[in-house]
Amino acid sequence: MTVFHRLASIVRWLLHRNRDEQQLDDDVREFIEMSVADKVRDGVSPAQARRLAVLELGGIEQTKERVRTSRHGALLDDIGRDVRYGCRMLVKDPGFTVVAVLALALGIGVNTTLFSAYNAVALKPLPVRDPSSVVRFERWLQSRSLGNVQYAFSYPEYVYCLDHNDQFSSLVAASWAFLSLASPQDSAATEHRVGQLVSANYFADLGVPLLVGRGFLPHEDHTIGDSPVVVISYRFWQSGLSGDQGILGRTIRLNGATFTIVGVTPQDFTGTTVDVVAPDFWAPLSMQAQLVPGRDWLNRPEQRSFQIFARLKPSANRSAAQAQADLLVRQFASTYSERDPTTAVTLQRTTYFPNTDDIRFRALMAAVMLTVGLVLLAACANVGNMMLARGAAREREISTRLALGAGRARVLRQLLVESMLLALVGGCAGLALAGWTTKLLALTLEQNAMVIGGDFSVVNLAPDYRVLTYVLTIAIGSGVLFGLSPALQLTRRDLTTALKSQGAAFGYLRESRLRNLLVGTQVAVSVLLLATAGLLARGLTRSQVAEPEFETRAVFTIAADFGGIGSDPTGALARKKRLLEKLREHREFVSVALGTRPFSGTWTPPIIAGNTRGGTLASYASEGYFETLGIPLLRGRLFTLEEAHSNARSAVISESTARRFWPDADDVLGKSFSLDVDFRGTLEQFEVIGIVKDVRFANLTRLDPAHVYLPAGANERGSRAFENGSFLDLLVRVQGDRRRALAAIETTVASSDPNLVPGLRLINLEDGMVRVQRTLSRTCAMLTATLAMVALTLAGIGIYGVIAHLVTQRTREIGVRLALGADTAAVWRDVILRGLRSVVVGILVGLATAAGLSALLHQTLIFPGSMDFLYGVSFYDPITFASLVAFVAAVAVAASAVPAHRAMRVDPAVTLRYE
Amino acid sequence: MEKLDVPQGTLDLMILTILAREPMHGYGVAQKLATLSHDHFQVNPGSLFPSLYRLEQDGKLKAEWRPSENNRNAKYYRITAAGRKQLDHHRKRWDRITFAITSVLEGA
């Protein structure tokens, strides 16, 4: 028989199902009638004959069911019926459905949000034609430096590879993003716009179609300074140039030079930069001198300002291509002396973000996914418990179905279909929730990015098929997870016991122990969840009033292109120092210093001081640093000018550092400590010359538990990647009229180094770094508060549901006891106390686990750079703990009391008759 | 006497054989099966039904409704050309199997 035939018969049967059902019924009935007629003829009484006939057949309904299940397409039909039935069951019990869907939506939503972010960052390919054949060059350095520096290549390297390879159909160079002062032709107002210099084949060879106009012509990157043309982004077109229809051929001024607009990129093209910015315009790299003045990006082999993209030839083998790229770059390296030699070049799959196959990124991602996975697991456990409690109420229904001839597998399948339905509805709700939270996430990121100069709009968080697949997978997984175990337990029941003595309680001792375990677990998990969420919420609300304890409102950092990734750091430091000197001339406006910028990450080298080993935060400070930031000196003195710029072995420490490492010393001044600055075990000795007040330097969550300040000069003369002044930022504190002071700074920058002007931005510490921290913690606080609310609701409903169900099951037992003359008060006591026993155990277990967790949290707090999400709230916060225990206990008592009260009002005669 | 279970896969063969002679109602098939097997086979009508319906769905049998002896509508099964072909095929296979088994049993 052909497949077609079989399919056709299934379809036919599905179409005529109702008629077929009727005919099957007639057919079986007729069989019985014939059988009865035969038997009556043989002399059996009609009633007896009928009984025998049905017995021989093996039951009318059973036979019909066997026919149904043996038909082709039966499975399909059954599942369809199960789905309809499941829907009815879910609608019938809306309270349960809503809570379960809510719990699942939350669990799935959180997971989906994170996956969307991961997807956008690490899985989505670049928005180019046939992204699978495009690779990014990545270099590996002897210093083992990781990060953007791995994608930095010089223009001569690019040209060398272009001339000598035979594996790539094209090579594309694209520079780091830079800031440029832009103004439309007819306007004098300038604004910062992000630009990128690219090789002329950028749009053509990567396969980015232009919305309007053209990409660059092949010759436009040939002659230096000869092709003042730009392609602009859709966003720039709409926001900066008001969507002007006749945009092509218009000119704009960039850093004062006039450029002609030749094209506009599509709306969804956000560029291919390695750093997190979406360029506003692209220009041929031949225009570097105009757009990035004062630099030479095109001739010096050690000036690594470009990323290289390559499109593999269709015939090319990727490993051969990689070998060739490696060979070419290292061949070229032998023609000059590399400061940090390249050990290998690899070809990287082009995802939106680089470094996503970095092991550290993956470990971080795994940890985060695991955490949110646990949230989903908790949601599943909760729903599973509720299903089991509810399922107990459906025992009679299930037993009846089993007794009527439905196989266990059939009932199991039906229960699973019900869970799946629930899971899928939860999944849809989760997806909707995730749509909303990803928007929130994007908004938060964007707000944060704006103040630090990045641009997260390049991250396209919109769900694609990967996200949908992920949601479907975890929804089905959750359905199995919370549905399977209750379904197995419910269908295992012994038929006769369940039908006859459901709820008779006396024979249910073993069962009730299981239920007690259930209640206990539910309570323990709820207590843990509540404790964590409650504490976090309390801690994070504190964050909104936390102050850094030093001056942030009047302090600015000077951000400009001092020489970024891939260029020589000594040049950058020299520029900063020159500017520092110039700014010092304006003492009436400003105080200036060079040093580590607050809230810029945590550098925590190992320290040995006194008899203690540990870690400490460390920063570099020039003279005037503490005055600029307003960190008061408590004892001793600060760095002198000479100390600050030399490799002096003196250090200023915070008061808590003194307390922590020299708890017994009367005077810490003059003591010395050793610091393993580069984490390689090379200890350097420093002598304490001063003690300053504790501040929240690393992050707003807590006062730095240990902090040593080293002279800026110590950072200048290192050989390591992070040294040579790359830790030193210009910090300026303005006094008096702020606008005049800022104008003075800008003028000074322009006169000292005009090339810094295009990228110059003055970032206020309060509006910048501090606000980032506050926004982040506000978002976290909102999320945890929501989580706490949901945890509270879930815990309440879960505990109430399970306990109330258990007590309801004892209705008959209570009736019997009252009928036999039991004292009402004694019954009350028994019911409530029995219910509370497992609750108390659950609370204790939950609290013990919470205490364990707190020990773990405290372990992490020993690390000086870590965040304190509790903002100083003690983990053993009595208010949180007392109120949550009171809450759980109240719910438990109510859950016992309400059904018990109801049970006791029922006339004992009624309960007994029912039995 | 203890009744025998129908060997796996032979129920269809027997149904087709019976229906090849004349169209019959399900009850008739059950009775005929009992008579022809001299009551050796324990054919539960409950397992006859699924086989009949499946054969019908596969196009080996064709069913028609006509009045029965009791003057009610009953379902009569008739073998189709495809059914005859299958019967033929199964019959040959069955003959080979019994021949082979008998040979082994007698030759040993």
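Below, chains carry the letters A, B, ... as their sequence lines are ordered, and counting in each starts from 1.
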Using 0.5 Å steps for rounding, measure from the OH atom of B:Tyr53 to the CD atom of A:Gln23.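 So the OH of B:Tyr53 and the CD of A:Gln23 are separated by 7.5 Å.
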What is the distance from atom CZ of A:Phe31 to atom CG of B:Leu52, rounded to the nearest 0.5 Å?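 That separation rounds to 9.5 Å.
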Side chain, backbone, both or neither: which part of B:Gln31 has a non-hydrogen atom closer than 4.5 Å to chain A?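 Only the side chain of B:Gln31 comes within 4.5 Å of chain A.
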Under 4.5 Å, counting heavy-atom pairs only, tell me which of A:Leu57, A:Val28, A:Asp27 racks up the most with chain B.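 Winner by heavy-atom pair count: A:Asp27.
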Mind ranking A:Ile32, A:Asp26, A:Leu24 by heavy-atom pairs under 4.5 Å with chain B and telling me who comes out on top?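 Going by pairs under 4.5 Å, I would pick A:Leu24.
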By number, which residues in residues 15-30 of chain B have some heavy atom less than 4.5 Å away from chain A?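 Within residues 15-30 of chain B, the residues that come under 4.5 Å of chain A (heavy atoms only) are B:His25, B:Gly26, B:Tyr27, B:Ala30.
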Keeping to residues at least two apart or across chains, list the side chain to side chain donor-acceptor pair (under 3.5 Å) pairs with something in residues 43-57 of chain A.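 Matches after skipping sequence neighbours: A:Glu33-A:Arg50, A:Lys39-A:Glu56.
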Using a 6.0 Å cut-off, check whether atom NZ of A:Lys64 has over 12 heavy atoms from anything other than its own residue.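 Yes, because the 6.0 Å sphere around NZ of A:Lys64 holds more than 12 heavy atoms from other groups.
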